[in-house]
Amino acid sequence: MPFPHAQHLLLCLAQAAGFFALPTAKLQTRGLSYPPTDTEATDGAISLLSRLQSTFGTSYLSGQQDRTSLQWVVENIGKTPAIQGNDFMDYSPSRVAHGSSSHAVEDAEAFADEDGINAFVWHWNAPTDLINSVDEPWYSGFYTAATTFNLASALAEGSNGSDYQLLLRDIDAIATEIKRLSDADIAFLWRPLHEPDGGWFWWGAQGADAFLQLWNLMYDRLTKYHGLHNMVWVCNTMKSDWYPGNDRCDIVTTDIYASKGDRSAQASSYDALSSLSGGQRVIALAEVGDIPDPEEQASSNAPWAYWMTWSGEYISGNSYNTKEVISTIYNDARVVTLDGSNPWGGTGEPNTTTAVSQASNSTAALSQQQSNPPANISVVTGSSSVNLSEVGDSTTCSAVQMSRAVGPVNGSVELPTSSNSSSLAIKYLISFGDSYSQTGFDPKGETPSSSNPLGNPGFPGYTTSGGANWIGDYVTTNGDDPVLSYNFASGGATTDADLVQPFASTVLSLVDQVELYKSSMQTISPWSSSNSLFAIWIGVNDVGNAWASSSWPTLLSQIMSQRTKQAQTLYDSGARNFAFLTVPPINYTPLVIGEGSSNADRVATAITEYNEALRNIVEAFTSSYSDVHTYILDTDAPFMEAINNPMAYQASDATCSDSSGTKCLWWNNYHPGQAIHKLVAHAFRSLINT
């Protein structure tokens, strides 16, 4: 934050990113979906973080510090930034004592009424010991040079110390303002104690340990003592010893004021933040002088989720950012504003003509596979009219052509138009997978019950659909006797992290998920071989992260060997009913389509190869056991139903995305929205009931 007093350049060198090389630059953000660090976060805070996750990697949200400067952008550029920056500064008690007042909360309320996102920083005037001289006036009291207040000493005093109590007094004063926002149902991006490692602010002057103690004190005071949960917590450092950790940070950011005219993507800083958070957090520019060029961000693989231009001369001075430059950036299809061609929630999606031609090519390729599965393998074929009212939506869909990715069977099975009972009397769904299936279930948390079939977190869980995913739909549409879900799926998962590396080391692979299931079996009671179904839907990251590798054929063989091994492990634990879902046509996702037809065609080929190999190992596994019943669901069919008929599902076309998961087919550029999940759930239910 470049107040006139500050003499610093926030442009730091970084270590290499934690991601491994992927076939294309954008793929590293796939599966990035995680809950807020505050386990009691409000629906608004959960939604805000989810919306940022949904656009991260493809779109850049525009932000402007200070409502006056934001209005300048509106009046002079004709666009409304997506994020408004606000400051709790003048609510600081030591400033109020000198007569300051603020309308920052009112500004935030006004912007919220415009459907904008609010961000707050706090230039916290030191609680006491302001120098208040001509050179260091009281209103500069957030600077180290303007106060003799010693944070380390205050913390060492403990809760009975006078200076410690002043820290609490000040935090409590801001809590009062945060509560006003909470009462107005306003969630916001909260970036307290910013730029700590620079040392120019008093909260960073006594080193990292004192800063981290203060961060934790503030976090706990606001969330636990005051019960405020409408904040998305934004950290603001690139240094590991100053980082509060992923358990206390929802978003990682830095502030960069480069040389005038430097519109580079600052990729080294992006990589440093990626490495710092293990690739597990949304990455943003909390403050900038010169706005980075969107094209530079794309070409440098530094897709900052948002940037916040500082106020005054930085936006309106025609020096750091000229009107022409600002206009060009704000009119870029990748830049999100509250209006224009890419409003908040849009992604600047590519032309849909390619999608239509690729869809027909892929369907033809997938239908070329030929094989007869064993008698105890059930597959879906034929056609049926699907009505989404059966799974919680009043939209009537057109006929679904169930093309076979698993090979034809003798005869055909007509899908039932409605069914609320299972021929196998399935009571427990024990599932494994990636972000297409995840709900955030923790086997150590609340267990599923008839009143709460997902167990934890609360319905619909932490999904990548904007609402319920296929598992949520399936388990809650079984009449008065819901199926109980024990869902071990982990966003970003691959089959085996040693074969195909996920986006972060903490992601649980299928191997890890099965191990977690084994250690949690005693909690799944009274499950039995006859009343439980073990479902595995994994592969989008096996394909998406490895299809371009020169060793893909070898990798595919190794992946299938591992999948067979995990099925055997489940069998040994007592599993007898298995459902395998094929890799869906991710070559039609907005992400892959945007990478060009050549890439999309190669991805389609890899999907075909993967699903053929999956069918082969399922047949071999099933043939080995007379007491095993195996289902194979071709997910190509429900996906293609929606892709070929987007308007029937309230979507304008086949490639738009929407963070609510209801207005487009896609939740973001790689994850399906709720309509597709409903279709998958319906197809799954129909298959299990045959």
Side-chain angles (χ1 to χ4, degrees), residues 362-363 366-367 369 371 373-374 376-384 386 390-391 397 400-409 412-417 419 422-424 426 429-434 436-437 465 469-475 477-478 483 485 487 489 495 510 532-540 542-543 560 563 566-567 570 575 577-586 607-608 610-619 621-622 628-643 672 675-690:
S362 174
T363 301
L366 290 172
S367 64
Q369 302 168 50
S371 181
N376 51 340
I377 293 184
S378 299
V379 298
V380 173
T381 183
S383 64
S384 174
V386 181
E390 299 164 8
V391 283
C397 311
V400 181
Q401 291 299 323
M402 294 301 208
S403 57
R404 300 183 297 273
V406 296
V409 292
S412 63
V413 179
E414 288 294 321
L415 294 181
T417 57
S419 179
S422 171
S423 59
L424 284 176
I426 296 302
L429 177 66
I430 303 170
S431 52
F432 309 87
D434 47 45
Y436 280 33
S437 300
S465 67
N469 64 17
W470 72 278
I471 287 179
D473 278 321
Y474 173 71
V475 301
T477 50
N478 199 43
V483 174
S485 167
N487 182 13
T495 294
L510 176 61
S532 301
L533 177 64
F534 289 71
I536 304 174
W537 191 14
I538 202 163
V540 294
D542 288 338
V543 173
M560 292 302 151
R563 293 200 61 166
Q566 297 311 306
L570 294 174
N577 301 310
F578 292 85
F580 296 88
L581 289 77
T582 65
V583 175
I586 56 174
I607 293 170
T608 301
Y610 192 102
N611 288 337
E612 173 67 14
L614 176 63
R615 179 187 61 79
N616 289 336
I617 66 163
V618 171
E619 290 183 8
F621 174 74
T622 308
V628 164
H629 198 104
T630 303
Y631 300 85
I632 303 177
L633 176 63
D634 167 27
T635 61
D636 184 80
F639 272 71
M640 292 312 302
E641 156 63 16
I643 290 169
I676 290 179
H677 276 281
K678 290 177 187 293
L679 288 168
V680 171
H682 179 92
F684 186 81
R685 186 180 310 106
S686 299
L687 174 62
I688 301 307
N689 290 337
T690 57

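As the structure is a prediction and not an experimental result, all values here were calculated from the model.
- With N469 contributing its side chain and G472 its backbone, the two residues share a donor-acceptor pair below 3.5 Å.
- One finds the CG atom of L581 at 12.5 Å from the OH atom of Y436 (value rounded to the nearest 0.5 Å).
- From Q566, atom CD reaches atom CD1 of I536 across 8.0 Å, with rounding to the nearest 0.5 Å.
- Taking F580 as the reference, nothing meets the ring pair (Phe, Tyr, Trp, His ring centres under 6.0 Å) condition, with sequence neighbours excluded.
- In this structure, CD1 on I607 lies 13.0 Å from CG on L614, to the nearest 0.5 angstrom.
- For the side-chain hydrogen bond (donor to acceptor under 3.5 Å, both in side chains) test, residues two or more places apart in sequence or in another chain that qualify with T495 are D542.
- Nearest heavy-atom pair, F621 versus A567, reported as atom, atom and distance to 0.1 Å: CZ-O, 3.8 Å.
- Atoms CG and CH2, from D434 and W537 in turn, are 8.0 Å apart once rounded to the nearest 0.5 Å.
- When all heavy atoms are compared, the tightest approach of I471 to S485 is CG2-OG, 3.6 Å.
- Y610 pairs by the ring pair (Phe, Tyr, Trp, His ring centres under 6.0 Å) definition with nothing, not counting sequence neighbours.
- Atom OH in Y474 sits 11.0 Å away from atom OG in S431 (nearest 0.5 Å).
- The two atoms that bring S465 and H677 nearest to each other are CB-CD2, 3.5 Å, heavy atoms only.
- Of the possible polar contacts, none joining the R615 side chain to the I632 backbone as a donor-acceptor pair under 3.5 Å is found.
- Looking at D473, its side chain never comes within 3.5 Å of a backbone N or O of H682 through a donor-acceptor pair.
- For P584 against V540, the heavy-atom pair with the smallest separation is CD-CG1, 3.6 Å.
- The two residues A642 and L679 make their nearest non-hydrogen contact at CB-CD1, 4.0 Å.
- Looking at every heavy atom in both residues, V628 comes nearest to T622 through O-CG2, 4.3 Å.
- Applying the ring pair (Phe, Tyr, Trp, His ring centres under 6.0 Å) criterion to F639, with sequence neighbours excluded, gives no partner residue.
- Taken to the nearest 0.5 Å, the CD1 atom of I688 stands 8.0 Å off from the CG atom of L633.
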